Amino acid sequence: MDDCVFCRIVKGEIPCQKIGENKEFLCFLDIKPVNEGHALIIPKRHFADVMEFPEELDRGYFAFVQEMARRIIPAVGADGFNLGMNTGAAAGQVVFHQHTHLIPRFKDDDLGSWKHRDATPEELVRTRKKILGE
Ligand code: 5GP
Ligand code: ZN
């Protein structure tokens, strides 16, 4: 898509710090990293989000994600990493070309994680029924 920033990166119209690529996928550094080595992994073909991700790319995608993690994590000396796909504006998606954030994590970083809350067993039952339409 002409007005998609990630399609423009794929076409080479916008520069990026490329970490790796193959026929289907590209990995490059996020321009506003959460931590050193924060990378984005995208299909070269345009899909808005993970719900439009075609089945035929599934297996190769995660193999590529693993390959990029093996490249990035030791290089920046990280202790772990988060993978994330923001899906929909409410979830923080800004670029509507499917991408996975690979965010290196360090033992002493202060990023934390999602805030969890306690739930009663009844609430979990109600939620399951709502989801399954029971
Ligand atoms: P989202 O919020 O949609 O999940 O994440 C989009 C990400 O793309 C953001 O973390 C943002 O910093 C990154 N980004 C946006 N535009 C560019 C760009 O032109 N180049 C690079 N390398 N990253 C970008
Ligand atoms: Zn695109």
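Quick caveat, the model's predicted, so the values are computed rather than measured. Whatever order the structure lists ligands and atoms in, that order sets their numbers, starting from 1. In this chain, numbering begins with 1 at the start of the sequence shown.
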Note to self: Just to be careful: counting only protein atoms that are N, O or S, how many fall under 2.8 Å of the Zn ion (ligand 2)?
What the structure shows: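 Total protein N/O/S atoms under 2.8 Å from the Zn ion (ligand 2): 4.
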Notebook entry, point to check: Do any pairs count as a ring-ring contact (aromatic ring centres under 6.0 Å, His included) and have a residue in residues 7-37, sequence neighbours left out, and if so which ones?
Noted result: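 Every pair satisfying ring-ring contact (aromatic ring centres under 6.0 Å, His included) with a residue in residues 7-37: Phe6-Phe28, Phe25-Tyr61, Phe25-Phe64.
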Checklist line | Close side-chain approach of Phe81 and Asn35, heavy atoms under 4.5 Å | finding: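 The answer is no, as the side chains (C-beta and beyond) never meet within the 4.5 Å cut-off.
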Next item on the list: Report yes if some heavy atom in the side chain of Leu102 is under 4.5 Å from a heavy atom in the side chain of Ile73; otherwise report no.
Entry: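 Answer yes - side chains close enough.
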Next item on the list: Write out all pairs satisfying side chain to side chain donor-acceptor pair (under 3.5 Å) with one or both partners inside residues 63-73, taking only residues at least two apart or from two chains.
Entry: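 Found none.
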Notebook entry, point to check: Thinking salt bridges, do Arg45 and Glu52 make one under a 4.0 Å N-O criterion?
Noted result: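 No, no charged N to carboxylate O under 4.0 Å.
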Item checked: Joint cluster assignment, Ile103 & Val50, ILVMFWY side-chain distance < 4.5 Å ->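 No, Ile103 does not connect to Val50 through the hydrophobic network.
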Notebook entry, point to check: Any idea which residues sit under 4.0 Å from ligand 1, heavy-atom distances?
Noted result: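 Correct list: Val5, Phe6, Ile9, Phe28, Leu29, Asp30, Ile31, Lys32, Leu40, Asn86, Gly92, Gln93, Val94, Val95, His99, His101.
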Notebook entry, point to check: Rounded to the nearest 0.5 Å, how far apart are NZ of Lys18 and CG of Leu29?
Noted result: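 Nearest 0.5 Å value for the NZ-CG distance: 12.5 Å.
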Item checked: Between CD on residue Glu21 and CG on residue Leu26, distance to nearest 0.5 Å ->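 Spacing of CD (Glu21) from CG (Leu26) equals 6.0 Å.
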Notebook entry, point to check: For the residue pair His101 and His38, does the interplanar ring angle fall in the parallel (under 30°), tilted (30 to 60°) or perpendicular (over 60°) class?
Noted result: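 Judged by the thresholds at 30° and 60°, the geometry between His101 and His38 is tilted.
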